[in-house]
Amino acid sequence: MFKETAHAYSYEEFLNCICDDRIALIAEEGNDVLGYCFANVFENPAFKDRTLHISDLFVDQHVRRKGVAKALLDEAAKRTKRLGAKRMQLMVWSFNEEARHLYESYGMEIQSYNYEKKI
């Protein structure tokens, strides 16, 4: 399902991530991109409030565990809190233990389970 590519997004896909009501954050040091976070705020009927949905969070493997992901999540939360967001949510694959550990250490809790069966 996942494969190595030169770029995570095509130019057109990237433009779709940064238009409209979406949030695009890029962590950089000098000329190096360390990571990015794409998110949007939506009206959440289940909780009757506005929710920040993180659609993509990535940190280069060479700088993981150095606070880059936390800084991106903090900045996304700060910006969307001003837009009235009351909660943050995202989806993570069950096999992605490193990401699950990050989100749990950030104070996030499991909200739901998705099940699948090959047929």
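When the shell of 6.0 Å around CD of E43 is examined, it contains more than 12 heavy atoms from other residues, nucleotides or ligands. For CZ of R65, the number of neighbouring non-hydrogen atoms (other residues, nucleotides, ligands) closer than 6.0 Å is 12 at most.
Within the 4.5 Å cutoff, side-chain heavy atoms of L57 are placed close to those of L102. Using a 4.5 Å heavy-atom cutoff, the side chains of C37 and I54 are in contact. Looking at heavy atoms from C-beta onward, E29 lies out of side-chain contact with V63 at the 4.5 angstrom threshold.
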Show every donor-acceptor pair shorter than 3.5 Å between a side-chain atom in residues 109-119 and any protein atom, with sequence neighbours excluded, or say none if there are none.
none

Per-pair distances, 0.1 Å, donor-acceptor, side chain in residues 66-84, under 3.5 Å, sequence neighbours excluded:
| from | atom 1 | to | atom 2 | distance (Å) |
| --- | --- | --- | --- | --- |
| K70 | NZ | D74 | OD2 | 2.7 |
| D74 | OD1 | Y106 | OH | 2.6 |
| E75 | OE2 | R79 | NE | 2.7 |
| E75 | OE2 | R79 | NH2 | 3.4 |
| T80 | OG1 | A76 | O | 2.8 |
| T80 | OG1 | A77 | O | 3.4 |

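The backbone N or O of M88 lies less than 3.5 Å from no partner atom in the side chain of T51, so there is not a single donor-acceptor pair. A donor-acceptor pair under 3.5 Å is formed between the side chain of D60 and the backbone N or O of H62.
In this structure, the separation between NE2 on H53 and CG on N44 is 11.0 Å, given to the nearest 0.5 Å.
Shown here are the side-chain contact (heavy atoms from CB on, under 4.5 Å) partners of V92, two or more places apart in sequence or in another chain: L90, N96, A99, R100, Y103. Looking at residues two or more places apart in sequence or on another chain, you find a ring pair (Phe, Tyr, Trp, His ring centres under 6.0 Å) between F58 and Y36.
Within the structure, salt bridge (charged side-chain N to carboxylate O under 4.0 Å, His left out) pairs that include any residue of residues 84-96 comprise D49-R87 (at least two apart or interchain).
By the criterion of side-chain heavy atoms lying less than 4.5 angstrom apart, applied directly or through intervening Ile, Leu, Val, Met, Phe, Trp or Tyr residues, V33 is grouped together with F38 in one hydrophobic cluster.
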